[in-house]
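Convention: sequence-line order gives letters A, B, ...; per-chain numbering from 1.
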Amino acid sequence: MADKDFFDRVYRIVAQIPYGRVTTYGAIAEALGVRRSARMVGWALNQTIEREDLPDLPCHRVVNREGLLTGKAYFGGNVMEERLRQEGVTFLKDDQVDMERHFWHPEVEDDFSS
DNA sequence: ACCTTGACAGAAT
DNA sequence: AATTCTGCCAAGG
């Protein structure tokens with residue numbers, strides 16, 4: 001297991017979210033082996049705002065299990081929604097994506113410690 | 001060192 | 001079925 005910081009793992013997963021797809025906090029947490037730490041995922045993403053030294057993270061593709069853009073407030077305005085729409089993501093209603101169509105299940109991280 | 005908060009999720013009422 | 005409550009774990013006050 002890569003004993004990387006919890007944040008780094010989150011970042012790596014988020015960075016793997018395909019264009020036009022979205023995933024959930026819980027799914028990411030689960031992929032990291034800590035299904036019950038979904039809140040930490042959100043916290044980790046929050047840190048990305050301060051940390052500019054991080055790679056381009058499509059954190060706008062991360063929503064909660066209901067498909068709600070719970071973190072849109074941190075993007076300023078409707079940037080999050082607009083970006084998703086621009087990627088072809090369909091919205092059931094404002095601030096709610098159609099995760100039935102665009103949900104992407106993150107892959108479990110492989111520890112490259114071979 | 002203790003208590004509160006948080007971009008969630010699932011169980012309980 | 002809808003709303004409330006609790007669990008989780010890290011960071012900030």
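- In this structure, CZ of A:R35 is placed 15 Å from C1' of C:dC9, rounded to the nearest angstrom.
- You can see that DNA chain B meets the heavy atoms of chain A within a 4.0 Å-exclusive cut from B:dG6 to B:dG10, reading 5' to 3'.
- Connection of A:V62 to A:Y74 is not established within any shared hydrophobic cluster, with ILVMFWY side chains joined at heavy-atom distances below 4.5 Å, either directly or through further cluster members.
- With contacts defined as side-chain heavy-atom distances shorter than 4.5 Å, the pair A:F6/A:V34 qualifies.
- Side-chain contact between A:F91 and A:D98 is absent, with no heavy-atom pair separated by less than 4.5 Å.
- Within 6.0 Å of the CZ atom in A:R101, the count of heavy atoms belonging to other residues, nucleotides or ligands does not exceed 12.
- Following rounding to the nearest Å, A:Y25 (OH) and C:dA10 (P) show an atom-to-atom distance of 19 Å.
- Looking only at atom types and distance, the side chain of A:H102 has no donor-acceptor partner in the side chain of A:E87 under 3.5 Å away.
- Atom C1' of nucleotide C:dC9 and atom CD1 of A:I28 are separated by 16 Å, given to the nearest angstrom.
- Taking the side chain as every heavy atom from C-beta outward, A:D94 and A:E81 approach each other to under 4.5 Å.
- Regarding A:F6, its CZ atom lies at a distance of 10 Å from the P atom of C:dA11, rounded to whole Å.
- Among the atoms of the strands shown, base atoms are found under 4.0 Å from some heavy atom of A:R39.
- Rounded to whole Å, the distance from CG on A:N46 to P on C:dA11 is 12 Å.
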